[in-house]
Amino acid sequence: MPTTVRLKPETEARIKRLAEQTGRTQSYYSNEAIERQLDRLEWEYRIISDVEASRAGTLETITLDDMKAELGLDS
């Protein structure tokens, strides 16, 4: 699916330079950068969502003692 992205001139120049140096396309490196960063962003926003749910009292949690017992670590 075609998508238009407005890049800072410096970022565009870096991608272009990398593509020229490696013989790959600018599109390849743009996709690579987005995919790598997207995993991190999704992870971060999942954490934020969990924190908000915890503060609102809607996140199911268990105590440390219960977790130790569940894992057989209570001695």
Side-chain angles (χ1 to χ4, degrees):
M1 174 172 88
T3 301
T4 302
V5 178
R6 190 177 314 265
L7 300 173
K8 294 178 186 176
E10 305 82 31
T11 303
E12 187 173 6
R14 289 174 64 190
I15 292 173
K16 182 176 182 179
R17 187 171 45 253
L18 182 60
E20 289 171 352
Q21 291 171 345
T22 62
R24 294 204 181 248
T25 64
Q26 292 179 51
S27 179
Y28 171 84
Y29 285 112
S30 296
N31 277 303
E32 187 75 11
I34 290 169
E35 288 176 11
R36 287 183 183 198
Q37 192 65 10
L38 193 54
D39 286 341
R40 187 176 141 257
L41 289 170
E42 288 171 335
W43 175 75
E44 288 175 356
Y45 281 99
R46 227 176 4 258
I47 290 172
I48 291 169
S49 177
D50 285 349
V51 168
E52 291 170 349
S54 178
R55 288 180 178 161
T58 59
L59 182 69
E60 184 178 336
T61 61
I62 63 172
T63 66
L64 178 58
D65 290 337
D66 289 345
M67 176 59 76
K68 286 180 179 180
E70 185 175 318
L71 295 173
L73 300 174
D74 52 347
S75 345

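All values reported here derive from a predicted model rather than from experimental measurement.
Residues satisfying the side chain to side chain contact (heavy atoms under 4.5 Å, CB included) test with E20, not counting sequence neighbours, are K16. Residues passing the salt bridge (charged side-chain N to carboxylate O under 4.0 Å, His left out) test with E42, sequence neighbours excluded: none. Judged as a side-chain hydrogen bond (donor to acceptor under 3.5 Å, both in side chains), and not counting sequence neighbours, D50 has no contacts.
You'll find the side chain of W43 stays beyond 4.5 Å of the side chain of D39, heavy atoms only.
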Query raised in the report: Could you walk me through whether R40 and R36 pass the side chain to side chain contact (heavy atoms under 4.5 Å, CB included) check?
Result: CA-CA 7 Å; R40 187 176 141 257; R36 287 183 183 198; over 6 Å; no
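Salt bridge annotation for E10-R14: absent, with no cationic side-chain nitrogen under 4.0 angstrom from a carboxylate oxygen.
Under a 4.5 Å side-chain heavy-atom criterion applied to ILVMFWY residues, the cluster that includes L41 comprises Y45, I48 as well. Using a 4.5 Å cut-off between side-chain heavy atoms of Ile, Leu, Val, Met, Phe, Trp and Tyr, I15 falls into a hydrophobic cluster with V5, L7, L18, Y28, Y29.
Neither I62 nor L64 shares a network with the other; the hydrophobic side chains, linked directly or stepwise wherever heavy atoms of I, L, V, M, F, W or Y lie under 4.5 Å apart, form separate groups for each.
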Side-chain donor/acceptor pairs under 3.5 Å, residues 52-59, sequence neighbours excluded:
unit_1: T58; atom_1: OG1; unit_2: A53; atom_2: O; d: 3.2

